[in-house]
Amino acid sequence: MRQIKQGVYAVGAIDWDARLFDRLIPLPDGTSYNSYLVRGNEKVALLDAVDPTRSDILIDNLVKLGIAGIDYVVAHHAEQDHSGSLPDVLLLYPGAKVVTNPRCKTMLVDLLGIEDDKFITVQDGEMLSLGDKTLKFLYVPWVHWPETMATYLQEDKILFPCDFFGAHLAAGNLFVDDEAVVYESAKRYYAEIMMPFRRQINANLAKLDDLEIDIIAPSHGPVHDRPGFIIDAYKDWASDTVKNEVVVPYVSMHGSTAKMVSYFVDALIERGITVRQFELSTVDIGKLATALVDAATVVIGSPTVLTGPHPCAAYAAFLANALRPKTRFASIIGSYGWGGKMVEQLAAMLPNLKAEILEPVLAKGEPKDADFAALDILADRILAKHKEIGIAN
Ligand code: FEO
């Protein structure tokens, strides 16, 4: 338990040892499930609960603070890492009402079986007085579920945006103490769950323009006492701007595709393009997702397996398609033994990428001079495309 401002406390749980989220997302630096208590002189509100595996820590923190009663539990988001311990909180504080929007209410009923009479639903912009502190609720849909909302604590100018602006980062210090570390972690988090909703993120960022914000207290990672840092980062990531970068996720079985990738990556570097190469059988998908945030171009490398792409390459294509990065150009390089439809199948897996497909390069067996020449042509074409959109010299 830590105090953010007078009457405002962080009462959530730091999960230092967590290593996988949703059985999908690696957590190299753990995470935290942040919950905040706002004590007004008339009413007390808890903003979000924690993951159900950490209920005991939340309850312990509330007990340590001497919280005899909670009037409101604000649920910004129904996903279980913030709502899963709500039933435990409601058992301990039976008089508490769950304050949320109608859509989140429906989801909490579906996911957790919370009874109808426990809810107070609020509209976008509605206020709730705690006495000397006032909560204002803001709908910020699709960061990253449809029901997500934020709370603005007016008197203290604190924004509680739940997942929005969050980071999977376990940290002992309450506030951001190293912006470079938090930037990397927040960008990774943005890439993994926010990036598909860039349009809605821009709308939600615009909605915050009128607010005077001193502190942003998200539901994962450290609290921002320099909110401009994370707001500006989000504006950059969610903008239409791409960078002079090529992401090359690849996998190779017997070395042919690896030779092509190695040659191609050198060719791009020689042309002054930043390259990020990822070997897909061992990749940290969080790092790959992060690289996709800014890159103008993605080139997937795959051998042909059973007439199609290597399953690791198919997984990367599926993931990239789901994450909807702002990639402008894409291509495929790789090899085959006797035939197949590797290129066609991989390209068909990327309908969400609004990218221009550049002529793929496919080698029969070991790459030969003509294949290396074709890779040079692809590198030239990428550079020309990057010049066309003004990101390369
Ligand atoms: Fe941190 Fe979408 O839950």
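Read the numbers this way: they start at 1 and go in the same order the structure lists the ligands and their atoms.
For residue Cys162, no N/O/S atom approaches atom 1 (Fe) of ligand 1 to within less than 2.8 Å. Residue contacts to atom 1 (Fe) of ligand 1: His82 brings an N, O or S atom closer than 2.8 Å.
When distances from atom 1 (Fe) of ligand 1 to the N, O or S atoms of Asp81 are compared, OD2 comes out shortest. When atom 2 (Fe) of ligand 1 is compared with the N/O/S atoms of His77, atom NE2 turns out nearest. Distances from atom 2 (Fe) of ligand 1 to each N, O or S atom of Glu79 single out OE1 as the nearest.
Asp48 and His76 form a side-chain donor-acceptor contact under 3.5 Å, judged by distance and modelled atom types alone. No donor-acceptor contact under 3.5 angstrom links the side chains of Asp29 and His168, judged on distance only.
Rounded to 10 degrees, the OD2-metal-NE2 angle spanning Asp163 and His144 at atom 2 (Fe) of ligand 1 equals 90°.
When each of Ile158, Val74, Val38 is paired with Thr151, the side-chain contact (heavy atoms from CB on, under 4.5 Å) condition holds for Val74 and for no other.
Heavy-atom minimum distance, Lys364 versus Lys368: O-NZ, 2.9 Å.
Following chains of ILVMFWY side-chain contacts shorter than 4.5 Å, one cannot reach Val223 starting from Tyr33, and the two form parts of different hydrophobic clusters.
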